[in-house]
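Only one structure is covered here, and it is reproduced in the block below.
Note that ligands are numbered from 1 as they come in the structure, with each ligand's atoms numbered from 1 the same way.
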Amino acid sequence: MNAAITARAHTNIALVKYWGKADTDLIIPQTGSLSLTLDQFYTDTTVVFDSSLAADEVSVNGDRLTAQQATKVHNFLDLVRQQASRTSFARVRSVNHVPTAAGLASSASAFAALAGAASRAAGLTLDRTALSRLARRGSGSATRSIFGGFVEWHAGHDDLSSYGVPLQEDVDWPIAVIALVLDPKRKKVSSRQGMQNSVSTSPFYPAWKQIVADDLAAIKPAILARDFTTVGETLESNAMRMHALTLSAWPPYSYFNGDTLAAMQTVKSLRDSGVACYYTLDAGPNLKIFCQAADVTPIQERLAQQFGQANVIVAHPGPGIQFLD
Ligand code: PMV
């Protein structure tokens, strides 16, 4: 009898972004990146391999996916089967724990949890580096969600050399990330499509590679030294320069909406009034605001007043992958 294994992985927010692949099959990035794992948003995934199944069965939040919807999961399970020399299909149950309508469910927590649960259920015993490499094959950002706290993804140059490494797992720095939900809907341009478009058409892409190298060199010592201003300035400029790649691509596009611009102004005016806070955004319109724990209340109140209480969620540094009984 095969055992059912459940793994929990948290999502992460990139402070220095991954935006572009060097190898689209193996998901080897063009540059390194660095993130903070968050405690509020996570995925629990249970996997069992069952020789009586005629195909993989996948459900997310209680809804059974069609074969087409489950293609990425199925392809990922094929990799696990290959590594474990198994042939049987699997039953996968995944539940995203994100506040209602937050629109923050992420492929990072999903593929990190799937990597953990599927590999163990298939009888593999992978260390966290190997798990990180496996998670990478599902979604680039999942590479970092195997670890807690501040995590760097070493770009590497092949399957063996591209994986996440914790910079600081137990974060004892009183910081917070406030997620501001401005549109819970799915993004129109997927990150996969968007980053590929930037790599192949933005004339700024070579400059981006240098920016990431410089930002990584600046942010790592700043995190270890708890230099809040340097970390904040680096993450905000890095996010804006990533988004400049979308505007400079052809055809141009943007993940921002009108509220995104208004919220950026609000963060800036909070900062001008002496409340230190900095924003970042991924492939969507929602802001994540990096601040010190002591400043959460005034920022939260101001954002709630402008965008509604339900759209403001406070998160803190979160843990790496866990296996649940
Ligand atoms: O892993 P993906 O394909 O969801 O891409 C993630 C891209 C960003 O979230 C925008 C940046 C990052 O480093 O997480």
Side-chain angles (χ1 to χ4, degrees), residues 9-38 41 43 71-73 75-76 96 98 103-115 132-147 150-156 162-165 167 177 179 183 186-199 202 205 208-209 211-213 215-216 219 234-247 249 253-256 260 279-288 290 315 318:
H10 289 71
T11 192
N12 68 76
I13 177 72
L15 309 182
V16 176
K17 308 289 185 192
Y18 145 59
W19 196 249
K21 295 175 178 64
D23 182 318
T24 50
D25 289 334
L26 291 173
I27 313 197
I28 310 297
Q30 288 271 355
T31 68
S33 56
L34 188 139
S35 61
L36 178 63
T37 302
L38 300 178
F41 319 113
T43 303
T71 305
K72 275 168 91 173
V73 175
N75 291 344
F76 188 86
N96 286 317
V98 291
L104 295 167
S106 145
S107 58
S109 55
F111 278 103
L114 182 61
S132 173
R133 287 175 39 227
L134 177 61
R136 192 195 76 232
R137 303 290 296 273
S139 167
S141 52
T143 311
R144 302 180 306 238
S145 269
I146 298 299
F147 303 97
F150 291 102
V151 185
E152 183 176 5
W153 175 8
H154 288 298
S162 187
Y163 50 81
V165 176
L167 175 70
V177 173
D183 183 352
R186 231 185 149 74
K187 51 206 174 214
K188 285 186 200 77
V189 181
S190 70
S191 47
R192 199 164 281 223
Q193 228 181 311
M195 65 177 74
Q196 217 36 51
N197 194 33
S198 296
V199 173
S202 172
Y205 202 81
W208 167 251
K209 290 172 59 164
I211 286 161
V212 170
D215 287 349
L216 285 172
I219 208 166
T234 306
L235 70 90
E236 190 170 296
S237 75
N238 185 271
M240 291 306 267
R241 289 169 181 177
M242 182 206 109
H243 285 273
L245 295 173
T246 71
L247 295 174
Y253 60 100
S254 176
Y255 291 107
F256 298 172
T260 306
Y279 59 79
T280 183
L281 309 89
D282 283 335
N286 307 317
L287 265 66
K288 280 93 179 179
F290 181 76

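- Partner of Ser107 under the side chain to side chain donor-acceptor pair (under 3.5 Å) criterion, out of Ser139, Ser190, Ser191: Ser139 alone.
- Here the side chains of Val16 and Leu235 are not in contact, with every heavy-atom distance at 4.5 Å or above.
- Contact check for Leu15 versus Phe150: side-chain heavy atoms found under the 4.5 Å cut-off.
- Using a 4.5 Å heavy-atom threshold, the side chains of Leu34 and Trp153 count as separate.
- Side chains of Asp215 and Thr234: a donor-acceptor N/O pair is absent below 3.5 angstrom, by distance only.
- Note on ligand 1: Ser33 sits outside its first shell, no heavy atom being nearer than 4.0 Å.
- We find the CG-OG distance between Asp282 and Ser106 to be 8.0 Å, quoted to the nearest 0.5 Å.
- Residue contacts with ligand 1: Lys21 is placed with no nitrogen or oxygen under 3.5 Å of a nitrogen or oxygen of the ligand (distance criterion only).
- Residues meeting the side-chain hydrogen bond (donor to acceptor under 3.5 Å, both in side chains) test with Trp208, sequence neighbours left out: none.
- Within the set Met242, Arg144, Lys17, the minimum heavy-atom distance to atom 12 (C) of ligand 1 is found for Arg144.
- Short contacts between ligand 1 and Ser107, defined as distances under 4.0 Å to a heavy atom of the residue, involve ligand atoms 4 (O).
- Short contacts between ligand 1 and Ala14, defined as distances under 4.0 Å to a heavy atom of the residue, involve ligand atoms 12 (C), 13 (O), 14 (O).
- Of all atoms in ligand 1, listed by their number and element, those nearer than 4.0 Å to a heavy atom of Trp19 are 10 (C).
- In this model, no donor atom of one side chain and acceptor atom of the other lie less than 3.5 Å apart for Asn12 and Thr37.
- Within ligand 1, the atoms closer than 4.0 Å to a non-hydrogen atom of Asp282 are 8 (C), 9 (O), 10 (C), 11 (C), numbered from 1 in the order shown.
- Taking a cut-off of under 4.0 Å to the non-hydrogen atoms of Gly140, the atoms of ligand 1 that pass are 1 (O).
- For the pair Asn12 and ligand 1, the shortest N or O to N or O distance does not fall below 3.5 Å.
- Numbered from 1 in the order shown, with element, the atoms of ligand 1 that lie under 4.0 Å from a heavy atom of Ser141 read 1 (O), 2 (P), 4 (O), 14 (O).
- In Gln193, neither the side chain nor the backbone holds a heavy atom less than 4.0 Å from any atom of ligand 1.
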